[in-house]
Amino acid sequence: MNFDFQVMFETILIVLQAVPRTFLIAFLILLVGILFGGIIAFIKIKQVPILSQIINVFVSYVRGVPLIVHLFVVMSSLPEGASSLLKAVGFEMQPHEFPSILIVLVTYSFLEAAIQSENIRGAFQSIDPQQIEAGLSIGFTRRQNLRRIIIPQAMAVALPMFLNALLKIIKALSLAFTVGAVDIMAQARFAAALSSRYLESYIAAALVYWFICGILLIVFNKIEKRLQLGSTR
Amino acid sequence: MINLKGIEKTFDGNKVLKGINLEIKSGEVVALIGPSGTGKTTLLRTINFLEKADKGSITIDELTIDNEQVSEKDMILMRRQTAMVFQNYNLFRNKTILENVMEGLIVVQKKSKEEAEKIARQEIERVGLLDKVEQYPIELSGGQQQRIGIARAMALHPKVMLLDEPTSSLDPERSLEVLKVLQKVAKTGMTMVIATHEMDFAKYVSNHVVFMENGHIVEEGSPEKIFTDPSQERTKQFVQELENPFT
Amino acid sequence: MINLKGIEKTFDGNKVLKGINLEIKSGEVVALIGPSGTGKTTLLRTINFLEKADKGSITIDELTIDNEQVSEKDMILMRRQTAMVFQNYNLFRNKTILENVMEGLIVVQKKSKEEAEKIARQEIERVGLLDKVEQYPIELSGGQQQRIGIARAMALHPKVMLLDEPTSSLDPERSLEVLKVLQKVAKTGMTMVIATHEMDFAKYVSNHVVFMENGHIVEEGSPEKIFTDPSQERTKQFVQELENPFT
Amino acid sequence: MDLEFIMNIFPTLLKTLPLTIYIVVVTAILGFLLAVIVTAIRLKKIPVISQLMDLYTSFMRSTPGLIHIFVVYYGLPVLFRAIGIDINFISRVTFSITALVLYNGAFVSEILRPSYLAVPSQQHEAATSVGMTNWQKHIRVIFPQVLPIALPSLGNALIDLLKDTSLLFLIGLVDIMGQADIIIANTLGVYQLEVYVTIALIYWGCSILLEQVIRFLEKKTGKYLR
Amino acid sequence: GNGEDMADESSSNGDATTVTVAVENASNPLSFTNENGELDGYEVELINLLDEAIDSYEFNIESVDAEAAQVGVDTGKYAFIGGGLFKNSEREEMYLFPEEHTGVSIIRIYTRADDDSIQTLDDLVGKTVHPVTPNGGIFNLLTDYNEAHPDAQIDIQLGESGNFAQRFQALNDGVSDAIVMPSNLGAEEIITELNLNVAPVEEPVQVNPTYLMLAQDQDDLKTELDKAINELRENGELSALSEKWYGEDMFQYEITE
Ligand SMILES: Nc1ncnc2c1ncn2[C@@H]1O[C@H](COP(=O)(O)OP(=O)(O)OP(=O)(O)O)[C@@H](O)[C@H]1O
Ligand SMILES: Nc1ncnc2c1ncn2[C@@H]1O[C@H](COP(=O)(O)OP(=O)(O)OP(=O)(O)O)[C@@H](O)[C@H]1O
Ligand SMILES: [Mg+2]
Ligand SMILES: [Mg+2]
């Protein structure tokens, strides 16, 4: 086995080009996921009738079915739908002109919302009900209480899971390749095909992924430490 | 000022408040006494709408609310007239002492940060804990946490203060200090309801004593009456411990 | 029985225990009194090794342990001689009342489930809460939780009981009951250390009073001595509140 | 959509289920145990090992499953060959489970760690004060309180694991997804929709099952929360 | 084979060395799993024929992903890959190739049947070419073309190309103007099956020889393979295989490279 470091470094440079784009998309998806996931979790915790049953089915479907199937479904319905919708309001757009980035965003955000709803629900189970009462007793509205007391405390639990999710999305974006968005792994594969150096390329990709993770960890750990201030351990 | 009518509350089939009727005048300091598990805490919590009573109506100031049809907005309105000191303190564990006291001032009363901090420091000084402002609740002793709980409620300057055994973790010296603070505040016309099992404290702090047992109000009246000449046999029995508690 | 030598404890630069020396004989009931934030709770916690003191040695029965070199195993050995009642109860929140009391018997003392349940029910009955055995802690009133805390410790029949303000949430009637229970247990030769701010209670329950302030032991002696004829000015000042607490 | 085609491939796809389930179950259990150990080491901050575990979890969480499979299936034998041991006799399933356990364990440990930290210190002290050993404390008091917090996220992890078994097709192990790929390839992609509908149903069914397991555990462990 | 899980099987023949070789796991008709769950295809049969012809080696076929095969041969897990691979300078640097090729791959341009504006690679400049997969030879081919023609660049779209049916459907629908791909992967079948308005350009872009690709330390095996491949070539068995899987003897085409 002859390992070529030169090729590996060159590949790292190529692969790095995909990082900002991949990261940005992933972050966007996570944010949307947390937002909607939060709403879903709220409905579940409150056990809003009917709505929470619908939500349950939605979550179990979206979570359960492989991403590739979701992509396939969205890819084969969203552009068509959008095209006929636009036509109805007088715009002309061929289905295949539909921006693939939107397909990625829509599909992944749905999935992420389902996943985050469960993470958030778990985090909320860790809240001491007396903390909620303390907030109410000084006259907080539910929303103020949520923002000032509950979310900061739940965040200490949820944050590492959000990082888990972000890392997963960054990787799962390699599937988004199916709809033509190039991510880190795809970039590495092209490099490998050209150089015929597979090992070097994969290791390069791994290092880049790991590097991103390292940076994220520094940021997330900082926030987590802050959130844990004064916590009971 | 406060008017409770027919308050009932049941926990999983266990009726804890069995129709409480109580009228409290503005500026009165009410001592709520009675055996453990009688419903004192629960009553305070229903007044603060932390627990929604199953039946009955609650009036605070001008606003009357029927518990059977109360909206979230009404509850918040009512709560903003009151402040509560909890039996087990319930400080915000992720906030420092100073932040604990400032929180309501900033968020609810929309005070500026500077003003809130000024008020907070005053109240914390009153309970003798200025050296702990940067600490987190877990780093405080029981009595220290209890005093911060009092400071947090005081800082809000509510119309009604609900205090749940506010001196349970305080030594006599500190209890006396708290007593003085409460008496001073009472002079400003603030109405107070204090659940307590320290009869001495009840006697000196209040001008209206309510003796509860088993979800009922057994007897109420002036401290003199309740502690020296109660009309009910059960009250007599309960308060006579006071004279010679451990003999 | 218990011998503390030069116990020191510092929290982030704040020296809370400043060299505590204390000897407690077998069967003694020690009342630990002193102002809030003085280090009573911290001292009890170091005896139970919930907090490891920075310096000093602790002897319980035959076993002496130097805090600067203590193994996990030693700590467990020491703890199994003691039981603790916490100031804020600390019941297992995921277990019912009955399970709370049975837990130590089954897990630590390896008793059979039947025997454990029998003992647990006895102890729960003693604090008057047999009707609550299937409830979870969160469903109990403050005083009820406190009594279960006492029952949980009692059930273990330890050589040493450490009680941190065991009557803080109890009305006089219940306090008296707890007093009687403790007195009865003391007769069986159990050693007790009770941090309390209820001077009456301290006076009647103990035969050895320790007055602490600011991390030091200011004075110790028999209750008669401490409460009627203390030698230190500070002690005099602190206990005189007892006579006329709120005047 | 060709219903007959779906009926035809349904049994073929179902036939791969036992392998999938076997891998999921074994991996879930081993992965959980690994996660517990990793979490314990990291929380105890045992020097050196703890830092190694940090590296391990960050690597496993950040890099794609494809790389783990390759590292374990192709990399490990090279490593062992270097010290003179041939491990190529080990079965592909074992290699696969190893890779998945390493991956799953890293993720689950980052679910357990924050959940564990959310249990108040007073609960630790209560257990300690009645004389429990560290182990007894964790088993009897702490873990039961970690679970209600962690379970929803563990559900996520379990369902992810179900889907991640498809990675094993890379090295030729045929799970549901792999079988689907085979059918799509053999029919030159003409029946992709039908294949996807079928596997969607199967996956959905499986994950509903897993969800029920989680829900059951949640009910059991979360009673005290009311 | 595919059914078992042992990476190495103990040899049935006393002195023979057993080596593991890899083929792709879903690449009809080169190597794939058939309805009976068995490994089948042109490359599989080829390797089995070679196995029979060579006494001193036993082949143990593992079907894995194309990329896994590459990594496996790099790390020494596999002795060689049979995947219809092209030879190029980068690969020659890293691997061994037998003297003789064992397959032929014809690369064609596919366009809509009524579109005659595209005849050669040159005509692809300015057209929409369907995205190509990163691990294929087509990507290399088009990249090479662009390198050779700096002022006439073909727009190579990167992205998953979708399965073959999707590619042809997209071409049919006008999403793309051309597909460049080997003709031996079932193109004809799809076009008839889906009844598409698509046809290959008459002239092939390239006729490529395809090879088994050996790990660099397998010199002895290479010698044996060279001998055996020659034999199969001579006695017409390779042509027969080609007839069986492609319906024609691909070896009759003149190699363009
Ligand atoms: N959430 C609950 N669920 C079930 N029962 C409850 C709940 N909260 C309180 N109770 C019961 O209601 C009764 C009254 O409780 P409450 O806390 O009001 O008593 P209390 O008078 O404050 O007693 P203490 O002096 O001990 O604090 C008790 O018997 C308690 O067990
Ligand atoms: N974990 C901690 N971190 C920092 N400071 C602490 C911590 N625990 C206790 N302290 C400080 O140590 C001092 C003694 O606390 P301790 O709880 O022992 O007092 P105490 O005598 O029990 O008071 P009380 O009667 O109010 O319960 C207090 O000033 C407290 O703020
Ligand atoms: Mg109460
Ligand atoms: Mg204390």
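Chain letters run A, B, ... following the sequence lines, proteins first, then strands; residues in each count from 1. Because the structure is predicted, anything quoted here is derived from the model rather than measured.
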Side chains of A:Gln228 and D:Leu117 in contact at under 4.5 Å (non-hydrogen atoms): yes
Within-4.5 Å side-chain heavy-atom neighbours: A:Ile68 and D:Tyr196: yes
OG on D:Ser58 to CD1 on A:Ile212, rounded to 0.5 Å: 12.5 Å
Chain A contact via D:Phe70 - side chain, backbone, both or neither, heavy atoms under 4.5 Å: side chain
Region of D:Ala150 in contact with chain A, defined by heavy-atom distances below 4.5 Å: neither
Chain D contact via A:Ala206 - which portion, at a heavy-atom distance below 4.5 Å: both
Heavy-atom contact with chain D under 4.5 Å, split by part of A:Gln153: neither
Ion pair A:Lys168/D:Asp160, N-O distance below 4.0 Å: yes
Part of D:Glu218 lying under 4.5 Å from any heavy atom of chain A: side chain
Non-hydrogen side-chain atoms of A:Val69 and D:Tyr203 separated by less than 4.5 Å: no
Residue selection (most heavy-atom pairs with chain D, distance under 4.5 Å) from A:Leu159, A:Asn164, A:Asn119: A:Asn164
Check: D:Arg113 and A:Met161 side chains under 4.5 Å, non-hydrogen atoms: no
Inter-residue atom distance D:Phe107.CZ - A:Leu167.CG, 0.5 Å rounding: 6.0 Å
Stepwise side-chain hydrogen bond (donor to acceptor under 3.5 Å, both in side chains) test for D:Thr63 and A:Trp210: CA-CA 6 Å; D:Thr63 49; A:Trp210 204 2; over 6 Å; no
4.5 Å side-chain heavy-atom contact, D:Leu66 and A:Tyr202: yes
Contacting moiety of D:Leu55, where chain A heavy atoms sit under 4.5 Å: both
Contacting region of D:Ile67 [heavy-atom separation from chain A under 4.5 Å]: side chain
Close side-chain approach of A:Glu118 and D:Glu211, heavy atoms under 4.5 Å: no
Side chain / backbone / both / neither for D:Ser153 at chain A, heavy atoms under 4.5 Å: both
Contact class of A:Leu217 relative to chain D, heavy atoms under 4.5 angstrom: side chain
